[in-house]
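In this text, all values refer to a predicted model and were calculated from it rather than measured experimentally. All residue numbers in this chain count up from 1 along the given sequence.
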Amino acid sequence: MAEAILIPISFFLVVFAICYLYFSTRNKERLALIEKGVDASIFFKSKDDGELSTWKIVLINFAVLLMSIGIAIFLGSSMVNGLGLDEEIAFPGTIFLMAGVGLMVGFFITKRFEKKG
């Protein structure tokens with residue numbers, strides 16, 4: 001019974017500690033910049049930089065990864081039915097292979113987008 005209570009509490013404490021460290025460090029960093037008289041505009045991106053935002057890059061990579069995993073499941077199924085391979089070999093092999101290919105394709109897509117911008 002105690003384990004059922006400890007897991008959510010420890011999860012909450014870990015999330016709280018990460019958030020606390022992130023925000024306190026960011027605050028100390030900005031206060032040090034203000035003390036030195038440095039412009040704090042480095043923390044804010046302007047909208048007309050022409051750069052892709054971080055969320056767009058993550059979404060592009062995640063979408064390509066999920067599409068490649070879907071293709072891998074389809075290929076694994078066709079390998080099991082068409083070639084007669086074992087499911088234990090066909091599915092993990094194609095999923096890992098296509099996930100790697102998808103991550104590589106996502107990397108090259110974001111690299112091309114960053115080069116244009």
Side-chain angles (χ1 to χ4, degrees):
M1 185 67 179
E3 293 88 12
I5 295 172
L6 288 177
I7 292 173
I9 290 174
S10 61
F11 179 74
F12 172 75
L13 287 175
V14 167
V15 169
F16 176 75
I18 289 171
C19 291
Y20 177 75
L21 286 174
Y22 172 74
F23 287 116
S24 65
T25 305
R26 187 176 74 166
N27 188 29
K28 288 177 186 176
E29 210 172 88
R30 290 181 181 191
L31 285 175
L33 281 175
I34 290 171
E35 285 177 3
K36 290 183 179 180
V38 179
D39 187 20
S41 65
I42 62 170
F43 292 110
F44 305 108
K45 276 187 142 182
S46 65
K47 296 286 183 188
D48 42 325
D49 278 346
E51 292 183 17
L52 283 173
S53 67
T54 306
W55 288 108
K56 288 181 183 178
I57 292 172
V58 169
L59 283 176
I60 288 170
N61 285 325
F62 192 61
V64 172
L65 177 67
L66 289 179
M67 286 188 293
S68 65
I69 289 174
I71 292 170
I73 292 172
F74 175 74
L75 286 175
S77 175
S78 64
M79 290 172 86
V80 167
N81 294 332
L83 299 176
L85 290 175
D86 291 333
E87 286 185 19
E88 295 85 18
I89 297 171
F91 281 109
T94 56
I95 287 173
F96 284 124
L97 176 71
M98 291 303 292
V101 169
L103 288 174
M104 190 172 284
V105 167
F107 171 75
F108 286 121
I109 288 173
T110 55
K111 189 175 171 183
R112 187 172 9 138
F113 278 145
E114 287 177 350
K115 193 183 294 183
K116 284 183 182 177

Excluding sequence neighbours, so at least two apart, what forms side-chain contact (heavy atoms from CB on, under 4.5 Å) with V101?
V105
With L97 via side-chain contact (heavy atoms from CB on, under 4.5 Å) - residues at least two apart:
none
Applying side-chain contact (heavy atoms from CB on, under 4.5 Å), name anything that partners D86, two or more places apart in sequence or on another chain.
E88, I89
Starting from I5, can I reach L13 by hopping between I/L/V/M/F/W/Y residues whose side chains sit under 4.5 Å apart?
yes
If the condition is side-chain contact (heavy atoms from CB on, under 4.5 Å), which residues does L85 pass it with, not counting sequence neighbours?
M79, L83, A90
Please round to the nearest 0.5 Å and tell me the distance separating atom CG of N27 and atom CD of E29.
10.0 Å
Checking one residue: I18. Which other hydrophobic residues are in its cluster under the side-chain 4.5 Å linking rule?
V14
Cluster partners of F23, using ILVMFWY side-chain heavy atoms under 4.5 angstrom, listed by chain and number?
Y22
Under the 4.5 Å side-chain heavy-atom rule for ILVMFWY, direct or indirect, which residues accompany F107?
M104, F108
Show every donor-acceptor pair shorter than 3.5 Å between a side-chain atom in residues 57-71 and any protein atom, with sequence neighbours excluded, or say none if there are none.
residue : atom : partner : partner atom : Å
N61     : ND2  : I57     : O            : 3.3
S68     : OG   : V64     : O            : 3.3
S68     : OG   : L65     : O            : 2.7
S68     : OG   : M98     : O            : 3.1

How long is the straight-line distance from CD1 of I109 back to NZ of K111, given to the nearest 0.5 Å?
13.0 Å
S77 side chain to I73 main-chain N or O, any donor-acceptor pair under 3.5 Å?
no
Residues that, via side-chain heavy atoms closer than 4.5 angstrom, fall in one hydrophobic cluster with F11
V15
